[in-house]
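Keep in mind that this is a model prediction, so the values were computed, not measured. Chain naming here is simple, since letters A, B, ... match the order of the sequence lines and numbering starts at 1 in each.
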Amino acid sequence: MAKDGGEQPKDVKSFVKKMSDDELQKFIASSVTEDINNGKDELLDAAIDECKERGLDVLQKQK
Amino acid sequence: MSTNLRKLNVVRQYVNNDVIEKGGEGSKGGKVIGHTRSGKPVYESNGSKTPMHTESYTADDHKDAGKFHQQLYQKHSEKAESTPTRTDKGEKNPKWEQHIQTRDHHDQMAIKHRRASRGELDSNYMEKSQENVVDKIEGKVISPFKDFLMKGLLNTADLVKKQITAKGKNGPYQTFRWINNKTNAAHHFEGRYKHEKDIEGNSDEEKINNVVANKKGQNRAQQHRDLMSLGVYDSKVHGDLLGDYKYATHLQKNELREHDFSNFKEQRAGGTNLPTDVPTNEKGEVDYKSEDFDINDIKEEVSAKDYNKISKFQKKKIGEELGVGYKDRWDTYNLCLNAIMQTGRPKSLIAYGTGGVGKTWDMIKAMEENNLRVYDEELHLDPSEYDAVKITGNTSPSDMYNVMYTNKDKLVVFDDCDSMWGDADAENMLKGALDTSGDGTIRYANPKPLAVNEDGKKVYPPKQFKFSGTVIFISNLKRTELPQPIVNSRARTIDLSMSMDETIDKLNVIKDKMKLKDRLGNDMGVTKDHMNAVIDFLKKYKKNLDIEKVNGRTLSNLAMFAKVNERQNGGKLDTQKYEKQCAVLLDIA
C-alpha cells in the first residue's frame with residue numbers, strides 16, 4: 001500500500017519486484033539522503049514495501 | 001605546484017619579509033623600553049635605522065625582551081581598540097593607525113625574540129639556514145629547514161575534523177575543530193597558547209562556549225588564542241563566534257606565522273549559524289534523525305548559501321552513516337530513469353549537480369535500452385511514431401507549454417533548460433502538471449501559436465489541458481536555484497553533485513566508454529593512454545583546479561591535446577610539456 005492508503009500502480013510493483021535485495025536497499029538508502037519531499041513517491045513506497053515483504057532491513061548500511 | 005614547493009615558497013616569503021638589515025653592530029642608540037634581568041637594554045626597534053643590540057643576548061635575555069615587547073603590544077592593542085578608526089570627517093584616524101603600526105611592530109618583535117630564545121634565529125633575527133632555502137627550492141640540498149617543514153606537514157596531515165555546535169553570538173553555531181587522529185587532541189602551539197586541557201570545560205563544546213562567554217574577562221587576543229588551542233583555525237569562524245573579524249585576521253596573518261600557520265590553511269573549514277529551533281543531540285550536533293528535524297525549516301531562516309552548506313553536510317553525514325557514496329546516487333539516478341521509462345513513476349524527476357559528467361549520457365543510454373523512440377524534428381513524426389522528446393537550451397514558458405501540450409502523454413526531457421526556472425508562469429504550469437495528487441491540469445493564458453494552417457491561420461493550443469506524461473529535468477544548477485515548490489513536493493530529486501575526487505573518479509570510469517569522433521563520425525584516434533594522461537594530470541593538480549572546469553568536455557579536450565603532443569614528440573608523450581599545455585588551458589598556470 002502507498003503512504004496515502006491508495007494502491008500502487010501495478011507496473012511500479014512489478015518494477016521493484018525485479019530489483020535485487022542490494023538494489024532495493026541501495027535505492028532506499030540513497031533516497032533518504034535526499035532532502036525531504038512532501039509529495040507522493042510511489043516508487044520509494046513500493047521499494048520499502050518490497051523490502052519489508054522480503055524481510056530485509058529497510059535502512060541497511062551499504063557495503 | 002606541489003604541496004612541498006608551495007610550502008617552500010611560503011618559507012621563502014617568510015625569510016624575505018623578515019630579514020632585517022644589519023646595523024652598526026654593538027653601537028648604542030634607539031629608545032630603550034626596558035632591561036633584561038641580566039641588565040641588558042631592550043630597544044624599541046632594531047630595524048635598519050637603529051642599531052643591532054642583541055648579539056650578546058642569551059636565550060633568557062631574549063625571553064625577557066620578548067615580554068617587554070609583549071607588554072607594549074598589549075598596550076597598543078588596547079589603545080587601538082579604544083581609539084576611533086575614523087575622524088569626524090570620515091578619514092582614517094592617524095592616531096589609530098599609529099597604534100596599529102606600533103602594536104604590529106611589537107608583536108613582531110615579541111615573536112622574533114621568542115624564536116631567537118629557541119635558537120631558531122641568529123642575533124640579527126635572520127633564519128640561521130636562510131641560504132639553504134634557495135637550494136632546497138631548487139631541489140638540491142635538504143637544509144635544516146627540513147625538520148621544520150616536515151613537522152608542519154605531519155602536523156596537518158594528522159588532523160581530522162570533528163563537528164561541533166557551539167553557542168555563538170547569534171545562537172547555535174556549527175563548525176569544526178581539528179584534532180589529531182591518534183590523540184584526539186588539538187595541535188598545541190608554543191608561546192602564549194594554552195594546552196586544550198587547561199581550558200575550562202568538560203566537553204569540546206563547553207570549552208568553546210566558555211571561551212566565547214569569557215566569564216574570566218580575558219582580553220580578546222587570548223580568546224582567539226584559546227580557540228586556536230581548541231583546534232578552531234578559521235578566521236571567519238573566530239569572527240562569527242567572537243564578533244571580531246579584524247583581530248582574528250591579524251592573528252593569523254602575523255602572530256601565527258611563527259607557527260607556520262600556512263600549514264593550517266586546509267583546516268579553515270568554515271562554520272555557520274544555525275536556527276535556534278533545530279534539534280541537537282547530546283553532543284550538540286544537529287540531530288537530523290529527530291522527528292523535529294526538517295531541513296526545509298532551515299531554509300526559511302538561513303541564507304541560500306548556508307542552507308546549501310547545511311544540506312550538503314547533512315546529506316554527506318546521512319550518506320556516510322548509511323554507506324551511500326556518489327556511485328550509489330548515480331545508480332539511483334539510473335534506476336529512476338528506468339523506472340520512469342518503464343512505469344511512468346516517478347511522474348517527474350530532477351537530476352541536478354555537477355555538469356558534463358554523464359547525466360545526459362546516462363539518460364540517452366536508458367532511452368536506448370528501454371527502446372524509446374525519440375522525436376526527431378527532421379523526420380516530422382506523428383505523435384504515434386515516438387515516445388519521448390528531448391528539449392535542450394533556452395526555453396520560454398510558452399515554448400514549454402506548447403511542448404508539453406504537443407507531447408502530453410509522452411516522456412518530455414528538459415535538458416539544461418535552466419532559463420525557464422525563475423519564471424512564475426513556467427513554475428505554475430509545472431506545479432499543476434506534476435502535482436502528485438492532482439490530475440495534471442496545466443493552464444496558461446497566453447500560449448503561442450503551434451503552427452500556421454493551410455489557410456494561413458495560426459493554430460493555438462487550448463489554454464488548459466491535462467498532462468498525463470512524465471518529465472525529466474536535467475540541470476547543472478544547485479538545489480536552491482531550482483523552483484522550490486517543484487523540488488519540495490512535486491518531483492523526485494537526485495543530487496548528482498560531486499567533490500573534485502569524486503568527479504575525477506567518475507571521469508576515470510567515463511573515459512573507457514568515450515569514443516571521440518569528428519563531425520563526420522570518424523574516430524579521432526584518441527587512445528586510452530591519452531585519456532589516462534588526462535586523468536593523471538587532473539589527479540596531480542586537483543587542488544589547483546576549478547571544479548567547474550573538470551568535466552567530460554575537459555577530458556575530451558585534454559585527451560586531444562595529449563594526442564597532438566604525442567604526435568609532435570615522435571610518438572611519445574612529452575609529459576612536462578603536456579602538463580604545461582593543460583595548465584594553460586585550465587587557467588592554472
Problem set entry | Chi angles and distances behind the salt bridge (charged side-chain N to carboxylate O under 4.0 Å, His left out) call for R492(B), D41(A) | CA-CA 7 Å; R492(B) 166 88 197 201; D41(A) 194 332; 2.9 Å; yes
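Note that CE of M341(B) and CZ of F15(A) are 10.5 Å apart. Values are rounded to the nearest 0.5 Å. Distance CD/E23(A) to CG/L335(B): 6.0 Å, rounded to 0.5 Å. Distance check, rounded to the nearest 0.5 Å: NZ of K26(A) to NZ of K327(B) gives 9.5 Å. With values rounded to the nearest 0.5 angstrom, S14(A) atom OG is found 8.5 Å from Q342(B) atom CD. Separating the CE atom in M19(A) from the CG atom in N338(B) is a distance of 10.0 Å, to the nearest 0.5 Å.
Within 6.0 Å of NZ in K365(B) there are more than 12 heavy atoms belonging to other residues, nucleotides or ligands. For NZ of K408(B), the number of neighbouring non-hydrogen atoms (other residues, nucleotides, ligands) closer than 6.0 Å is greater than 12.
Taking both residues in full, the closest heavy atoms of L43(A) and A339(B) are given as CD2-CB, 3.6 Å, listed atom of the first, atom of the second, then distance.
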